[in-house]
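To keep things clear, I will list the structure first and then write my remarks on it.
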Amino acid sequence: DVQLQASGGGLVQAGGSLRLSCAASGFTFDEYYIGWFRQAPGKEREGISCIRRSAGSTYYADSVKGRFTISSDNAKNTVYLQMNRLKPEDTAVYYCAAAWYQHIMFSSPWYEGQPYDYWGQGTQVTVSS
């Protein structure tokens with residue numbers, strides 16, 4: 001069975017840091033892009049970062065560029081999202097998702113939810129001011 005397990009959320013003060021983890025199993029890790037999305041109450045889901053380590057590709061939304069870093073440990077089939085200089089507007093439920101590489105290459109951009117085949121449960125990130 002395919003599983004994506006997101007963890008690492010919590011409550012942090014503005015300016016602080018958190019590291020989210022997404023542990024994947026049940027599919028060939030190298031053939032998938034792993035993306036991070038977030039959704040705040042009353043707002044649309046936002047694609048914030050994506051990685052396909054086997055292709056040396058990383059992507060960031062402008063809203064997090066320079067503050068968040070995505071990385072991958074292929075030996076552990078785990079993707080991390082290091083979040084620094086957190087702001088109250090980063091408060092949201094964060095989800096990881098996996099898209100077969102051709103869905104990103106030939107279908108929809110990484111920041112849209114449509115090309116993603118599998119989704120994990122969310123982890124709450126709350127940034128207090």
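Scored by the side chain to side chain contact (heavy atoms under 4.5 Å, CB included) test, Val93 finds Tyr95, Gln124 as partners (sequence neighbours excluded). Applying the salt bridge (charged side-chain N to carboxylate O under 4.0 Å, His left out) criterion to Lys87, with sequence neighbours excluded, gives no partner residue. Partners of Ser72 according to the side chain to side chain contact (heavy atoms under 4.5 Å, CB included) rule, which considers only residues two or more places apart in sequence or in another chain, are Phe29, Ile51, Arg53, Asn74, Val79. The salt bridge (charged side-chain N to carboxylate O under 4.0 Å, His left out) check on Glu31 picks up nothing, with sequence neighbours excluded. Residues passing the disulfide bond (SG atoms under 2.5 Å apart) test with Cys22, sequence neighbours excluded: Cys96. Under the side chain to side chain contact (heavy atoms under 4.5 Å, CB included) criterion, Ser71 pairs with Tyr80, sequence neighbours left out. In this view, Asp1 satisfies the salt bridge (charged side-chain N to carboxylate O under 4.0 Å, His left out) rule with no residue, not counting sequence neighbours. Partners of Tyr111 according to the side chain to side chain contact (heavy atoms under 4.5 Å, CB included) rule, which considers only residues two or more places apart in sequence or in another chain, are Pro109. Looking at residues two or more places apart in sequence or on another chain, you find a salt bridge (charged side-chain N to carboxylate O under 4.0 Å, His left out) between Arg67 and Asp90.
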Intermediate values then yes/no, side chain to side chain contact (heavy atoms under 4.5 Å, CB included), Met83 and Tyr94: CA-CA 12 Å; Met83 307 187 296; Tyr94 284 68; 3.8 Å; yes
Derivation of the side chain to side chain contact (heavy atoms under 4.5 Å, CB included) call for Tyr101 and Thr28: CA-CA 11 Å; Tyr101 75 100; Thr28 306; over 6 Å; no
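Applying the side chain to side chain donor-acceptor pair (under 3.5 Å) test to residues at least two apart or on different chains, none of the pairs has a partner in residues 4-14. For residues 97-129, there are no disulfide (SG to SG under 2.5 Å) pairs, not counting sequence neighbours. Within the structure, the ring pair (Phe, Tyr, Trp, His ring centres under 6.0 Å) test picks out the following pairs touching residues 34-55 (sequence neighbours left out): Phe37-Tyr116, Phe37-Trp119.
Proximity of Tyr32 to Phe27: side-chain heavy atoms (C-beta onward) are separated by under 4.5 Å at one or more points. With contacts defined as side-chain heavy-atom distances shorter than 4.5 Å, the pair Val64/Glu46 does not qualify. Residues Phe68 and Leu20 have side chains not in contact (no heavy-atom distance under 4.5 Å, counting atoms from C-beta outward).
For the residue pair Arg19/Ser17, the side-chain donor-acceptor check at 3.5 Å is not satisfied.
For Gln121 (side chain) and Ala6 (main-chain N/O), a donor-acceptor pair under 3.5 Å exists by modelled atom type. Judged purely by atom type and a 3.5 angstrom limit, Thr91 uses its side chain to pair as donor or acceptor with the backbone of Val127. A donor-acceptor pair is defined here as one N or O able to donate and one able to accept, closer than 3.5 Å; no such pair exists between the side chain of Asp30 and the backbone of Ser54.
Shown here for Gly9 and Val125, the closest heavy-atom pair between the two residues is CA-CG2, 4.1 Å.
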